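Report on one structure; see the data block that follows.
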Number of protein chains: 2
Amino acid sequence: MAKIPDADLLFKALADPSRRKLLDVLHAHDGQTLNELCEHLDMTRQAVTQHIDLLEAANLVATVRQGREKLHFLNPVPLQQIYERWIAKFEKPRLKAL
Amino acid sequence: MAKIPDADLLFKALADPSRRKLLDVLHAHDGQTLNELCEHLDMTRQAVTQHIDLLEAANLVATVRQGREKLHFLNPVPLQQIYERWIAKFEKPRLKAL
DNA sequence: TTGACATGCAAGTAAATACTTGCCTATTAT
DNA sequence: ATAATAGGCAAGTATTTACTTGCATGTCAA
């Protein structure tokens, strides 16, 4: 049971186009149910669930069970962390404001 | 021969920890040869080459052949594009400066 | 010009990934 | 109560991925 680093879960979650699409779909309309999310992807509900599981593991999506429905919410914080660790660091040095 | 979108190559390239390590190693010291890069990873030279091929496909690394050596250079531009497309867009709305 | 060094190319393999099908459970509406 | 709805769980499969081993080629130094 080797611990998988956060960065790994995060980049793995982002590596699949269907999962990135789910992020876009949630960004357009947060709080959708599983079935609503399924309408945007050409695969079975179970496959979508598996993608969402990875997004949850990466902490990019949080869910709330409400009655028989499951609502999905976007969490942009891990994306910010990618920025700080992997993008700002690699920026070409900009001219410092004078 | 379906065309693979750039975003896909980019996120796939970033999905592997060895490849992200290569980016860090190059960031610390740009222009290293293949053998130099190999010293930082616990795998065969050929495996490292394969990782670098993916980084090149994603346009994150450019190479120059010099004599019998191959020099590797980091290109941060695609990371900026990730920021614009996938991070800025998802930022929690910030208070507008008044 | 011969040997050592730096890299390229190709085929094989084990594990991970992205699905599928099939069935089960919980909640709601009639 | 019953049926339809929303979702969970698990096992099977085809493809992709991350390596390996083995060998070939180009460059440089002695």
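Worth saying up front: this structure is predicted, and the values here are computed from it rather than measured. Chain letters run A, B, ... following the sequence lines, proteins first, then strands; residues in each count from 1.
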Would you mind reporting whether [Y] and [X] have side-chain heavy atoms less than 4.5 Å apart?
| X | Y | result |
| --- | --- | --- |
| A/Arg19 | A/Leu14 | no |
| B/His27 | B/Leu74 | yes |
| B/Asn59 | B/Leu10 | no |
| A/Val61 | A/Leu23 | yes |
| A/Gln32 | A/His40 | yes |

| query | Which pair of heavy atoms, one from A/Ala15 and one from B/Lys12, lies closest together, and at what distance? | reply | O-NZ, 3.3 Å

| field | Bracket notation of DNA chain C in which parentheses pair within the strand, [ ] cross earlier pairs, and | pairs with another strand (Watson-Crick or G-U, under 3.5 Å) | value | ||||||||||||||||||||||||||||||

| field | All salt bridge (charged side-chain N to carboxylate O under 4.0 Å, His left out) counterparts of B/Arg85, not counting sequence neighbours | value |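 B/Arg85 satisfies salt bridge (charged side-chain N to carboxylate O under 4.0 Å, His left out) with A/Asp24 once adjacent residues are dropped.
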
Please report, rounded to the nearest Å, how far the [atom2] atom of [N] is from the [atom1] atom of [X].
| X | N | atom1 | atom2 | answer |
| --- | --- | --- | --- | --- |
| B/Glu56 | C/dT7 | CD | P | 13 Å |
| B/Asp53 | C/dT7 | CG | P | 13 Å |
| B/Gln32 | C/dA6 | CD | C1' | 15 Å |
| A/Met43 | C/dT17 | CE | C1' | 12 Å |
| A/Ile52 | C/dC19 | CD1 | C1' | 15 Å |
| A/Lys70 | C/dA26 | NZ | P | 16 Å |
| A/Leu37 | D/dG8 | CG | P | 12 Å |
| B/Leu71 | C/dA6 | CG | C1' | 11 Å |

| query | Is it true that B/Leu9 and A/Ile87 fall in one hydrophobic cluster, defined by side-chain heavy atoms closer than 4.5 Å? | reply |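 Unlinked, B/Leu9 and A/Ile87 end up in two clusters.
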
State whether [X] places a side-chain N or O below 4.0 Å from either non-bridging phosphate oxygen (OP1 or OP2) of [N].
| X | N | result |
| --- | --- | --- |
| A/Asn35 | D/dT5 | no |
| A/Ser18 | C/dC19 | yes |
| A/His51 | C/dT17 | no |

| query | Which letter, B, S or -, goes with each nucleotide of nucleotides 21-28 of chain D from 5' to 3', with contact meaning a protein heavy atom under 4.0 Å? | reply | BB---BBS

| With sequence neighbours excluded, residues passing side chain to side chain contact (heavy atoms under 4.5 Å, CB included) with A/Thr33 |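 For A/Thr33, the residues satisfying side chain to side chain contact (heavy atoms under 4.5 Å, CB included) (neighbours in sequence not counted) are A/Asn35, A/Glu36, A/Glu69, A/Leu71.
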
| B/Gln81: what forms a side chain to side chain contact (heavy atoms under 4.5 Å, CB included) with it, not counting sequence neighbours? | B/Val77, B/Pro78

| message | Would you call the rings of B/Tyr83 and A/Tyr83 parallel, tilted or perpendicular, taking 30° and 60° as the class edges? | response |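 B/Tyr83 vs A/Tyr83 ring planes: tilted.
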
Filtered N/O pairs between nucleotides 13-17 of chain D and protein, under 3.5 Å:
none

